[in-house]
Amino acid sequence: MGQSVLVVAEVRNGKPRQVSLEALHIARRARLPDDRISVLLVGHRLEEAAELLLPYVDGAVYRIDHPRLEVYNPETYASAIGSLLRDLQPRLVALGHTAFGRDLAPVLAAKLEAGQISDVVALEGEGAELAYVRPLYAGKLFETRRFSSAGAQVVTVRPSNLPPAEPLPAPGKLETVAYVPPDDLRTVVKDVIRQAAGKVDLTEARIIVSGGRGVRNAEGFKPLQELAAVLGAAVGASRAACDAGYCDYSLQIGQTGKVVTPELYIACGISGAIQHLAGMSRSRVIVAINKDPEAPIFKVADYGIVGDLFEIVPLLTEEFKKLLA
Ligand code: FAD
């Protein structure tokens with residue numbers, strides 16, 4: 001009898017997030033012949049997400065659904081998941097390397113007395129031989145790690161680096177897990193402010209148009225937003241642009257911001273400091289627009305345009321409008 005390989009999935013607007021399908025790819029590569037792949041959903045109103053995830057498991061989609069779990073709180077989530085983990089004793093638990101996964105994974109690892117490998121960007125081998133590649137020093141180096149055979153394993157995967165899992169031939173079953181919230185919670189989430197509601201999620205965006213100090217002010221982001229709207233892209237920023245108050249910190253990309261891996265990254269008025277590159281250098285194609293031909297961003301760019309972004313970005317927008325009309 002095999003063990004469980006469990007993905008703790010995330011739900012947004014009622015649907016599973018893309019990164020959870022990428023975590024399921026890890027589950028597929030890590031499984032041993034008798035293992036069963038299962039998914040755990042924690043939150044509220046999870047019916048649609050559970051149905052959508054059923055084809056990806058041959059174990060179960062476990063659902064812990066309660067109004068008190070609508071908003072993520074590590075204390076309630078850990079207490080909700082704890083008893084399932086004790087019963088299931090999964091061999092491996094995989095999560096997205098997102099704000100959610102980064103917070104929850106060490107808690108689960110502690111509960112399972114498991115080893116943890118975080119921020120996985122590539123895999124080598126499979127099954128017991130599976131090795132995990134992860135960046136070090138803001139992406140200057142990559143290391144390959146493997147778990148020893150003893151004990152449980154917890155893994156987090158960086159969004160948009162691994163392919164999503166394909167559906168399995170024999171779908172699993174739905175299981176509802178009862179949850180009674182404890183009375184003695186020490187932390188309560190009072191309010192959640194969603195600043196980027198309705199916009200394309202930066203960490204899952206296929207195209208990002210990003211602005212740096214070169215955009216000069218908040219108004220200077222307008223041409224970038226117009227280009228992004230035509231391309232169906234998300235807007236990102238350097239820390240200098242955020243620090244200067246041109247945009248919100250939720251847009252910051254880099255070592256202390258979000259790490260992104262889009263198919264196309266258009267950097268406008270960004271010099272290419274190492275801390276910025278740490279967040280975007282694994283993008284598939286990088287286009288840099290900068291008026292300084294010596295700007296370091298050109299060293300990582302696939303295409304470089306030397307010139308004024310306020311002339312070039314509107315021209316690109318017009319051309320893309322014609323192309324995509
Ligand atoms: P600048 O370096 O000032 O570059 C502006 C660029 O715009 C220049 O190259 C200029 O030639 C060009 N330009 C100006 N006008 C135009 C125009 N009209 N048209 C075209 N080009 C123009 N930074 C991050 O981005 N993300 C991070 O997460 C991050 N974390 C950090 C963590 C630490 C611990 C530290 C110390 C720093 C961190 N930084 C981070 C800051 C980083 O070192 C840089 O200061 C920052 O990335 C610079 O942003 P920038 O490229 O927008 O600005």
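We count ligands from 1, going down the list as the structure has it; atoms in each ligand are counted the same way. Values below: all heavy atoms of this structure, side chains included; hydrogens, waters and symmetry mates excluded.
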### Electrostatic pair K173-E175, nearest N-O below 4.0 angstrom
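The answer is yes: the pair qualifies as a salt bridge.
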
### Query
Any salt bridge between R158 and E22, counting N to O under 4.0 Å?
no

Protein contact to [atom] [nearest heavy atom, distance to 0.1 Å]:
| atom | result |
| --- | --- |
| atom 50 (P) of ligand 1 | S238 OG, 3.5 Å |
| atom 33 (C) of ligand 1 | R239 NH1, 3.7 Å |
| atom 43 (O) of ligand 1 | Q275 OE1, 2.8 Å |
| atom 2 (O) of ligand 1 | S271 OG, 2.7 Å |
| atom 19 (N) of ligand 1 | L309 N, 2.9 Å |
| atom 53 (O) of ligand 1 | R213 CB, 3.5 Å |
| atom 21 (N) of ligand 1 | K291 N, 3.2 Å |
| atom 10 (C) of ligand 1 | N290 OD1, 3.6 Å |

Do [X] and [Y] have side chains that get closer than 4.5 Å, going by heavy atoms?
| X | Y | value |
| --- | --- | --- |
| I266 | L231 | yes |
| S210 | M280 | no |
| D119 | V259 | no |
| T98 | R17 | yes |
| I81 | L104 | yes |
| Y265 | I270 | yes |
| I253 | I208 | yes |

### Query
Is the shortest N/O to N/O distance between A241 and ligand 1 below 3.5 Å?
no

Give the atom numbers and elements of ligand 1 that come within less than 4.0 Å of a heavy atom of [X].
| X | value |
| --- | --- |
| G307 | 19 (N), 20 (C) |
| G254 | 26 (N), 27 (C), 28 (O) |
| Q252 | 26 (N), 27 (C), 28 (O), 29 (C) |
| G269 | 5 (C), 6 (C), 7 (O), 12 (C), 21 (N), 22 (C), 52 (O) |
| D308 | 17 (C), 18 (N), 19 (N) |
| Q255 | 27 (C), 28 (O) |
| G212 | 52 (O) |
| G257 | 28 (O) |

### Message
Can you check which of P293, A240, S210 brings a heavy atom nearest to atom 49 (O) of ligand 1?
### Response
A240

#### Entry: Reference residue K222; test side-chain hydrogen bond (donor to acceptor under 3.5 Å, both in side chains); the match among E226, E219, Q225
E219

### Message
Below 4.0 Å, non-hydrogen atoms only: which portion of A273 touches ligand 1? Side chain, backbone, both or neither.
### Response
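Answer for A273: side chain.
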
### Query
Any idea which part of I253 is under 4.0 Å from ligand 1, heavy-atom wise: side chain, backbone, both or neither?
backbone

### Query
Is the number of heavy atoms from other residues, nucleotides or ligands under 6.0 Å of E143 CD greater than 12?
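Enclosed.
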
### Task
Go through the side-chain N and O atoms of Y72 and D103 and say whether any donor and acceptor fall under 3.5 Å apart.
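Looking only at side-chain atoms, D103 and Y72 do form a donor-acceptor pair, the distance falling under 3.5 Å.
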
### Task
Kindly indicate whether atom 26 (N) of ligand 1 is approached by any protein heavy atom to under 4.0 angstrom.
yes

### Heavy-atom donor-acceptor pair, D65 side chain to R45 backbone, under 3.5 Å
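Side chain of D65 to backbone of R45, a donor-acceptor pair under 3.5 Å: yes, one is there.
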
### Query
Does C268 have a heavy atom less than 4.0 Å from any atom of ligand 1?
no

